[in-house]
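What you are looking at is a predicted structure, and each value in this text was computed from that prediction instead of being measured. Lettering of chains follows the sequences in order, A, B, ..., and the numbering in each one begins at 1. Keep in mind that the numbers below use all heavy atoms, side chains included, and drop hydrogens, waters and symmetry copies.
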2 protein chains.
Amino acid sequence: MAEGRLLDELARLLGATGFLCGDQVDPRYASDWSGCRGELPQAVLRPADTEQLAAVLALCYAARQPIVAQGGRTGLVGGAVPATGELVISLERMRSIGAVDPQARTVTVEAGATLQAVQEQVEREGFLLPLDLGARGSCTIGGNIATNAGGNRVLRYGMMRDLVLSLEAVLADGTVVGGLRTMRKDNAGYDLKQLFIGSEGTLGIVTRAVLKLQPLPSSHDAALCTLDDFSSALELLSLWNRCGAGGLSAFEVMWGGYYEAVVTTGECSPPLPPGKAYYLLLETQGFNPPADRERLETLLGEALAADLIADAVIAANNREIGAFWAIREGISELLARLKPGFAYDISLPPDAIDAYAHTVLTQVRDRWPAGQSFAFGHIGDGNLHLFVHPGPGDVAAGPRIDAIVYEEAARFGASISGEHGIGVLKRDHLSCSRSSGEIEIMALLKSTLDPRGILAPGRVIPASHA
Amino acid sequence: MAEGRLLDELARLLGATGFLCGDQVDPRYASDWSGCRGELPQAVLRPADTEQLAAVLALCYAARQPIVAQGGRTGLVGGAVPATGELVISLERMRSIGAVDPQARTVTVEAGATLQAVQEQVEREGFLLPLDLGARGSCTIGGNIATNAGGNRVLRYGMMRDLVLSLEAVLADGTVVGGLRTMRKDNAGYDLKQLFIGSEGTLGIVTRAVLKLQPLPSSHDAALCTLDDFSSALELLSLWNRCGAGGLSAFEVMWGGYYEAVVTTGECSPPLPPGKAYYLLLETQGFNPPADRERLETLLGEALAADLIADAVIAANNREIGAFWAIREGISELLARLKPGFAYDISLPPDAIDAYAHTVLTQVRDRWPAGQSFAFGHIGDGNLHLFVHPGPGDVAAGPRIDAIVYEEAARFGASISGEHGIGVLKRDHLSCSRSSGEIEIMALLKSTLDPRGILAPGRVIPASHA
C-alpha cells in the first residue's frame, strides 16, 4: 500500500490528467494480452514528459515505492501486469512523433506512440519503419524497445534492438540518461542503450528514441504454399539465400493444425484448402515491381519443380496479401477464444525446429486429448510459437505444460524466448536457457542500477537469484 | 611489478609456449598502430584455451595484478598498449575457426583468429563475413568484438555488434560467461553479450563467438567519381536510397587533399587525376552480375546528367576495384610516413560532416602551416576520419590538435568515436560526447563487473570518474 503522503505528492506533481486513482483506474490497467490478471493499482501515473517522469521516479525511489511501466499492455509474459502494491506508470500521454529526418533517415518518437502510428507517419514521408507485429495498433515504441520486439520482418531488418539508434531513459532514482543522437555509428564508451533494450523495464524506463528508417519499398508480393515436410521449408529458404535473391521480408510457417483451426472458423474461403502438413507464407518487398514479382514466380516455379512445395498461390493484390496475413495473425482470435490457453515462444537452430515441435505437441496431445495445440512461427528466424489449450476447465494445466515445453527446450539447447521476453510467466524457467552465472550477472546489474528494486520487481530474474 | 610468486604460478600453468618473459618478450607487445608506446611487459601470457584463460584471470584477480588483453594490436587509440605494471594476455594461440553451419548461416571462431583468416575460410564455403577493414590481415575477431569494429561495409551489413550472435567471455575473476548459441533471436533475459561488445576489454575478455554470415555475392563493382561539392555526395546517396537500388556496399568520400597525397606518392598512375574537391569510392555487391553492373551504370549516368558528379570511372575488373580501394586504404602509408601524426574518427549527422571537416581543417592549417592534414571516411555512415601531421618535429602538438578536433565535435553534437573506440588516447575527451551521468554509469558498470579494476585499467573511463 503506497503511503498517502507519496500519493498526495504524486497527485500534485501530475495534476488531474496525469494522476488516476480509485474509480478512475480502469480494469484494463490490471492485465495484458497474456491473460495474466494483476491487482488493480492504487494509482496510475501518467506523466506528460520526461521531466515529469523523472520527478515521479525520484519520489517513488525516495519512498521505496515499487512501480511497473506500461505501454500498450500487449505483452504475452505478464511483465506489465501490476503486482500487489505496485503503482502503474503509463506512458500513454507521451506519444508525440517527430518529423522524419530524410538525410539521416531517422525519426524521433516518444515511448508512448503506438507502433502503427509511427509506421503510418513515416510511410507518409516515404520511409519504412520495418518493425511489424500483430499488436501494431496497440503496442507502443517504448514497449517494443523494452521487450526487444521481433515480429514479422526480423529476417530482413532485424529486431527492435537493430532499429534503435539512440534513446533516452530514466533510471530508478529519476536520473535521466542517454540522448537523442542521429549518428549511425557511435563508439564513445560503453553502449548504454543496450541496457534498456530488452530488459523489460527493470533497469530504467525508456522515454524517447531515435529510430532508424528504411526506404519504402514499392513492390509487395506474397505467396502461400503447402509443404509435405518441414525440411522442404528449410531447403526453400537456403535456395532463396543461395541465389541471393534478396527482397525476402517474411518466411512464416504454419503447421497444418493451426491453419485448419484458423481457416475453418474464418468467414472467407481459404486461399488453399486445409489438410496439408505445413503452410508457408512467404513475403517479398522490393523496388522494382514487375521484376520482383517475376523473381518470386521463378523461384516458386523452381521450388515446385524440385518438389519442395506441393502447391502455391500468389496474392493478386494487397487485399489478398492481407488475407494471407490474416491467417497468420489468426492466433489472436484463437488466444481469445480458447481458454485457458498457454502461449510459448521458442527459438532454436533451424534444423531442430520440427523435431522439437513434434515432441512437444505429441506429449501435450497425449496428456490432454480433449485439448488443442498449435505450432507456427517466424521460421526464417528459427522462432517457433506454440499455443496449447488443454481443454476447457483445466485451469491448473499451465505448470505441467510449461514443464514439457521448457524441459524439451533445455534438452534441445533452445532459448525459452525468441521475442516475447521473460516477464513473470517465464521467470522461473530462465535457467533452461541461461547458466546460473549468467543469471547472477543479470541480478547484479539489476541491483547495481536499481538498488532499491523499485522498477518492475519480480520480472525477468528468477526468485532464486533476486 | 608483478610478484615473483604469481609469475611462477602463471608460468607453471601456461607452460613454455604459453608464458613469455624477459628476452622472450618481443617489443611488438608494447605498442599498437596508434603509435602509442607502452612499457615492455614483464610477461606475456598466451593461454591455449578458455579454461587456461579463466585460470590465468583467477590468479591475476587474486593477486590484484592488472592485465591488458591483446588481439592484433591494430587499434588506433592505445587501448591494448601495456601500461606500467600490466601483464599482457595475448589471444594469439586461440585462433581456431570452426566449419560453417550452412543452415544456421554461422561460423564459430576463437577470439585470436584474424579477420582475414575467417573471411577467407567462410568464403571457401560460399559465405560472406561482411566485416572488412584495412587491418584485416592482422586484426583479430576478439579485437573486432572488443572495439565494435566498423570499416568499409557498415552501410550495408552493420558493425561488429550486428554480426555477433553469441559469445563466450571471461570476467575479471575468471568466471566464464555466455555460450555459443546459433539462434538468430534470443530474448531470454538481459542480453549480456552487449556488455562485452565495444567495451574494449575493460569488462571481460572475449574468448569465442558465433558470427552471423551472409550469402556470398556473385557480383562486385566499384566506381570512382569526382564531385565539386560535398552536398552532391549526400544527394547521390539519397538518390540511391530513394530508388531503393540496394546492393550498395561502400560509400567512401576522400577530400581532394587526401586523394592527391596518396596518388602522387603511389607507383601507378591514378584512375582519375588529382585536383578535384572530392573523390567518391562507391562499391556494389549483388547476385546478378550483368544487371547489377547495368544498375550502377544507369545510376552514375543519372548522377552525371544531374551534375551530382563531375567525372566517373567504373572498375573494369577486380584488379581495378583493388586499385580504387588501395587509394582509400593509402592512409596506412601516410600514417607510417608522416610522423608525428594524429588520427581522428568523428561521427556526425550527414549534413554536418562537411562543415565540421572544413572548420577543423581550416584551424589546423592556419596553426600548423608546414603540416599536412587530410579528411576522408565512411560517409555513407556519417563517419569522418581526420589525420593531422603538424609538420616534422612538433611532437607536442597532439593536445592542441585534440582540443580543436574535440571542442568542435562537442559544438557539432558529434561523437568523438565512430568506430575506433576510446582507449587511452580519447579517454579524457569522452565528456565531449557523453554526459557526466552517462560516464558515471560506465564507471559503475566497470566497478561492478571488475571490482578490483584489473582489466585494462585506465582505458575508456576518464580519470575524473575512474
Side-chain angles (χ1 to χ4, degrees), chain A residues 102-105 147-148 150 154 159 162 175 177-179 181-192 194 198-199 215 217-218 234 238 241-246 287 347-351 381-383 415-422 430 433-435 437-439 441-442 444-445 448 460, chain B residues 102-105 147-148 150 154 159 162 175 177-178 181-192 194 198-199 215 217-218 234 238 241-246 286-287 347-351 381-383 415-422 430 433-435 437-439 441-442 444-445 448 460:
Chain A
Q103 198 66 258
R105 286 169 287 141
T147 60
N148 186 27
V154 172
M159 302 197 45
D162 303 303
T175 306
V177 292
R181 300 170 181 126
T182 60
M183 286 89 80
R184 293 264 139 177
K185 295 166 73 172
D186 195 349
N187 265 354
Y190 306 164
D191 190 359
L192 298 179
Q194 307 295 346
S199 57
S218 54
L234 298 183
S238 284
N241 282 323
R242 262 202 312 281
C243 73
F287 296 88
S347 184
L348 299 118
D351 49 13
D381 316 309
N383 189 184
S415 171
I416 64 162
S417 175
E419 57 182 19
H420 295 168
I422 297 301
L430 190 57
S433 300
R434 290 291 180 265
S435 70
E438 288 172 303
I439 298 173
I441 298 178
M442 294 182 203
L444 186 63
L445 289 172
T448 300
V460 183
Chain B
Q103 198 66 259
R105 284 168 288 141
T147 60
N148 185 28
V154 172
M159 302 197 45
D162 304 303
T175 307
V177 292
R181 301 170 179 126
T182 60
M183 287 88 81
R184 293 263 139 178
K185 295 166 74 171
D186 195 349
N187 266 353
Y190 305 165
D191 189 359
L192 298 180
Q194 306 296 345
S199 57
S218 54
L234 299 182
S238 285
N241 282 323
R242 261 201 314 280
C243 73
F287 297 87
S347 184
L348 299 118
D351 50 13
D381 316 308
N383 190 186
S415 170
I416 64 162
S417 174
E419 58 183 19
H420 295 166
I422 297 300
L430 189 57
S433 299
R434 290 292 179 263
S435 70
E438 288 171 303
I439 298 173
I441 298 178
M442 294 182 203
L444 186 63
L445 289 172
T448 300
V460 183

> Sub-3.5 Å donor-acceptor pair from the side chain of B/R434 to the main-chain atoms of A/G189, do we have one?
Replying inline: no

>> Can you tell me how far apart CG (B/D191) and CD (A/Q194) are? Round to the nearest 0.5 Å.
In response: 7.5 Å

> Is there side-chain contact between A/L444 and B/T448, with at least one heavy-atom pair below 4.5 Å?
Replying inline: yes

> Of B/Q103, B/R105, B/M183, which meets side chain to side chain contact (heavy atoms under 4.5 Å, CB included) against A/P350?
Replying inline: B/Q103

> Measuring heavy-atom distances to chain B, does A/L348 have an atom under 4.5 Å in its side chain, in its backbone, in both, or in neither?
Replying inline: backbone

> Using non-hydrogen atoms only, which part of A/S199 is less than 4.5 Å away from chain B: side chain, backbone, both, or neither?
Replying inline: both

> Side chain, backbone, both or neither: which part of B/D162 has a non-hydrogen atom closer than 4.5 Å to chain A?
Replying inline: side chain

>> Can you tell me which portion of A/S218 sits under 4.5 Å from chain B's heavy atoms? Options are side chain, backbone, both or neither.
In response: neither

> In Å and rounded to the nearest 0.5 Å, what is the CZ to CG distance from B/F287 to A/N241?
Replying inline: 8.5 Å

> What part of A/T175 gets closer than 4.5 Å to chain B, counting heavy atoms only: side chain, backbone, both or neither?
Replying inline: neither

>> Is there a side-chain contact between A/N187 and B/T147 in this structure, where contact means two heavy atoms from C-beta onward sitting under 4.5 Å apart?
In response: no

> Would you say the side chains of B/D186 and A/S415 form a donor-acceptor pair under 3.5 Å?
Replying inline: yes

> Between A/S435, A/G437, A/P349, which residue shows the highest count of heavy-atom pairs closer than 4.5 Å to chain B?
Replying inline: A/P349

>> I'd like to verify something: which residue of B/A104, B/G150, B/S417 has the highest number of heavy-atom pairs under 4.5 Å with chain A?
In response: B/S417

>> I need the B/L430 CG to A/Y190 OH distance, nearest 0.5 Å.
In response: 10.0 Å

> For B/M159, is it the side chain, the backbone, both or neither that has a heavy atom under 4.5 Å from a heavy atom of chain A?
Replying inline: side chain

>> Do B/K185 and A/V154 make a side-chain contact, defined as non-hydrogen atoms from C-beta onward lying under 4.5 Å apart?
In response: yes

> Considering only heavy atoms, which portion of A/N148 lies under 4.5 Å from any heavy atom of chain B: side chain, backbone, both, or neither?
Replying inline: both

> Would you find a donor on one side and an acceptor on the other, under 3.5 Å apart, between the side chain of B/R181 and the backbone of A/S433?
Replying inline: yes

> If we only count heavy atoms from C-beta on, is the B/L192 to A/M442 side-chain gap below 4.5 Å?
Replying inline: yes

